[in-house]
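One-based numbering, in listed order, for ligands and for the atoms of each. The first residue in the sequence is number 1, and the count goes up from there.
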Amino acid sequence: MSGRKRVAVLASGGGSNLQAVIDHLATLGERRSADITLVVAGREEAGALARARRARIETAVAAPGALGDLLDAKAIDIVVLAGYLAFVPGDVTERWKGRIINVHPALLPSFGGQGLYGLRVHRAVLDAGVRVSGATVHFVDAEYDRGPIIAQWPVPVAAHDSPESLAARVLRAEHRLLPRVVDALAAGVVRLDSDGRVQGGLATSPPDAFSLHPPDDATVATEIDALFSA
Ligand code: GRF
């Protein structure tokens, strides 16, 4: 027994956040506190499943109603929603309370809730005219995007941002934040206490240079190119 936590990642989309967690745990090597032992999607075509297979991680396609039994059968300790669009049933959020987290591409509690996913989030951020957006990782409870916040990293909004360019910049922050939270949760560095408060946590800004100055046009273009050529 390694003593490492068994993590299931639930993903509906391309799975770039899943990939970021896979890569980070691989980089930590023997120092990691978690192993991804299952990746679940709602449909066979989800890019996340292909990424999981490439990393030799077990995969499953399951409807939300079947999640509880599946996660139980696979002895899952921690559930990570990484771009998972279906509603997670109450039996799962209850049973994995304090052990189920989600990544959201904005600074909650703003710009979250039902219907606010994908580019819609970034459109709402730009419409509101806020200067700072960011990535949030939070515990999941019965309500969309409302559970206790574990960590947030800010991302500047540029005057000339499109929803796509902002999404690309925020996604890069997600890719760095989510894996760190997964390992911290598995290690017990962060936890939900019995009052529903988050104990412990991560630094409130990224570990290396991460400017809060809005990037210029050329940088925004390069960021988008880098994302879509990855
Ligand atoms: C991310 O922006 C995540 O925050 C949101 O959906 C997107 C998923 O991207 N919930 P990916 O599938 O991880 O590439």
A.B. asks: As a test of understanding, state which of I78, D141, V92, L185 forms a side chain to side chain contact (heavy atoms under 4.5 Å, CB included) with I100.
C.D. replies: V92
A.B. asks: Starting from the N and O atoms of ligand 1, find every protein N or O within less than 3.5 Å and list the pair with its distance.
C.D. replies:
{"unit_1": "ligand 1", "atom_1": "2 (O)", "unit_2": "E174", "atom_2": "OE1", "d": "3.2"}
{"unit_1": "ligand 1", "atom_1": "2 (O)", "unit_2": "E174", "atom_2": "OE2", "d": "2.9"}
{"unit_1": "ligand 1", "atom_1": "4 (O)", "unit_2": "V103", "atom_2": "O", "d": "3.4"}
{"unit_1": "ligand 1", "atom_1": "4 (O)", "unit_2": "E174", "atom_2": "OE1", "d": "2.5"}
{"unit_1": "ligand 1", "atom_1": "4 (O)", "unit_2": "E174", "atom_2": "OE2", "d": "3.4"}
{"unit_1": "ligand 1", "atom_1": "12 (O)", "unit_2": "G14", "atom_2": "N", "d": "3.3"}
{"unit_1": "ligand 1", "atom_1": "12 (O)", "unit_2": "G15", "atom_2": "N", "d": "2.8"}
{"unit_1": "ligand 1", "atom_1": "13 (O)", "unit_2": "S16", "atom_2": "N", "d": "3.3"}
{"unit_1": "ligand 1", "atom_1": "13 (O)", "unit_2": "N17", "atom_2": "N", "d": "2.8"}
{"unit_1": "ligand 1", "atom_1": "13 (O)", "unit_2": "N17", "atom_2": "ND2", "d": "3.1"}
{"unit_1": "ligand 1", "atom_1": "14 (O)", "unit_2": "S16", "atom_2": "N", "d": "2.8"}
{"unit_1": "ligand 1", "atom_1": "14 (O)", "unit_2": "S16", "atom_2": "OG", "d": "2.5"}

A.B. asks: Tell me, which pairs form a salt bridge (Lys or Arg N to Asp or Glu O under 4.0 Å) where one or both residues lie in residues 62-84, sequence neighbours left out?
C.D. replies: E58-K74, D72-R95
A.B. asks: Who else is in the cluster with Y117 when I, L, V, M, F, W and Y are joined by side-chain contacts under 4.5 Å?
C.D. replies: L85
A.B. asks: Which value, rounded to the nearest 0.5 Å, describes the distance between L18 atom CG and L49 atom CG?
C.D. replies: 9.0 Å
A.B. asks: If a pair satisfies salt bridge (Lys or Arg N to Asp or Glu O under 4.0 Å) and one of its residues is in residues 21-41, list it, with sequence neighbours excluded.
C.D. replies: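 As it turns out, the salt bridge (Lys or Arg N to Asp or Glu O under 4.0 Å) pairs with a partner in residues 21-41, which skip direct neighbours, are R4-E30, R32-D35.
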A.B. asks: Decide, yes or no, whether a salt bridge links R53 with E44 under the criterion of side-chain N to carboxylate O below 4.0 Å.
C.D. replies: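 Between E44 and R53 there is a salt bridge, with a charged N closer than 4.0 Å to a carboxylate O.
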